[in-house]
Asks: 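Here it is, the structure in full.
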Amino acid sequence: MNNIEDLLKAAQEAAQNIQAQMADAQAGLDKIEVEGAAGGGMVKIRATAKGRILGVDIDQSLLNPSEKQMLEDLVAAAINDARAKADAAGNAEMSKMSAGLPLPPGFKLPF
């Protein structure tokens, strides 16, 4: 019976290890910065790979009241660009973390 107990203990320790690695990886995503842009770089959004918006940069030429709708569209497009880049950076980091784990094909972390 000792072998089963040892196996269960080892499995529990491995699960705790993976959980700790996941927490570290998630925390690391907030340190990776990406930049989304729209309008040929006239609107830029800085964000973390976790999706937190860090800053917005709008070209001075767009600050014309008659261009309000275009500016709103460019800001939305830049946010979406930043979000897509954040997702890509996050997925790349998570795949690095899970590279050594014996996971079945198609299985993704976090659970």
Side-chain angles (χ1 to χ4, degrees):
M1 191 75 95
N2 201 17
N3 285 338
I4 292 174
E5 289 173 5
D6 290 344
L7 285 174
L8 288 174
K9 185 177 180 182
Q12 185 177 12
E13 288 173 3
Q16 288 171 342
N17 239 359
I18 291 171
Q19 203 169 23
Q21 289 175 351
M22 287 292 298
D24 289 346
Q26 288 289 329
L29 292 180
D30 208 38
K31 295 175 184 161
I32 297 171
E33 287 189 26
V34 297
E35 181 177 87
M42 294 176 75
V43 175
K44 297 176 186 170
I45 304 291
R46 284 185 315 109
T48 67
K50 205 167 184 177
R52 187 169 54 93
I53 302 300
L54 300 173
V56 177
D57 181 33
I58 300 172
D59 188 276
Q60 186 72 25
S61 66
L62 294 174
L63 300 178
N64 182 346
S66 66
E67 302 294 329
K68 181 180 183 294
Q69 182 63 49
M70 181 184 67
L71 178 57
E72 290 169 347
D73 292 344
L74 289 174
V75 169
I79 288 172
N80 288 331
D81 188 41
R83 183 70 223 170
K85 290 176 179 175
D87 288 344
N91 288 338
E93 278 300 303
M94 294 307 284
S95 66
K96 284 182 201 173
M97 197 278 306
S98 63
L101 300 176
L103 299 175
F107 192 82
K108 295 188 180 211
L109 293 174
F111 305 104

Asks: Give the minimum heavy-atom separation between L62 and E67, together with the two atoms involved.
Replies: O-CB, 4.2 Å
Asks: Just wondering, more than 12 heavy atoms not from K44 lying within 6.0 Å of its NZ?
Replies: no
Asks: Using the salt bridge (charged side-chain N to carboxylate O under 4.0 Å, His left out) rule, take K68 and E72 through it: C-alpha gap first, then chi angles, then the decisive distance, then the call.
Replies: CA-CA 6 Å; K68 181 180 183 294; E72 290 169 347; 2.4 Å; yes
Asks: Is it true that E13 and N17 share a donor-acceptor pair across their side chains at a distance under 3.5 Å?
Replies: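 No, because no side-chain N or O of N17 sits under 3.5 Å from a partner of the opposite role on E13.
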Asks: Going only through I, L, V, M, F, W and Y residues with side-chain contacts under 4.5 Å, is there a path from V34 to L29?
Replies: no
Asks: Minimum heavy-atom separation for A89 to A49, with atom names?
Replies: CB-CB, 3.9 Å
Asks: Per the salt bridge (charged side-chain N to carboxylate O under 4.0 Å, His left out) rule, which among K50, R52, K85, R46 passes with E33?
Replies: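 Exactly one candidate clears the test, R46.
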Asks: Keeping N80 on the side-chain end and A76 on the backbone end, is there a donor-acceptor pair under 3.5 Å?
Replies: yes
Asks: Under the criterion side-chain contact (heavy atoms from CB on, under 4.5 Å), I'd like the reasoning laid out for I53 against I45: C-alpha separation, chi angles, the key distance, then a yes or no.
Replies: CA-CA 7 Å; I53 302 300; I45 304 291; 3.7 Å; yes
Asks: Taking everything shown except Q12 itself, do over 12 heavy atoms lie less than 6.0 Å from its CD?
Replies: no
Asks: For Q19, which residues count as a side-chain hydrogen bond (donor to acceptor under 3.5 Å, both in side chains) partner, sequence neighbours excluded?
Replies: none
Asks: A78 and A38: which non-hydrogen atoms are nearest, and at how many Å?
Replies: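 Taking every non-hydrogen atom into account, N-CB, 3.7 Å.
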Asks: For residues L63 and L71, determine if any side-chain heavy atom of one lies less than 4.5 Å from a side-chain heavy atom of the other.
Replies: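 L63 vs L71: side chains touch.
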Asks: Are V75 and M70 connected in the hydrophobic side-chain network, where two residues link if heavy atoms are under 4.5 Å apart?
Replies: yes
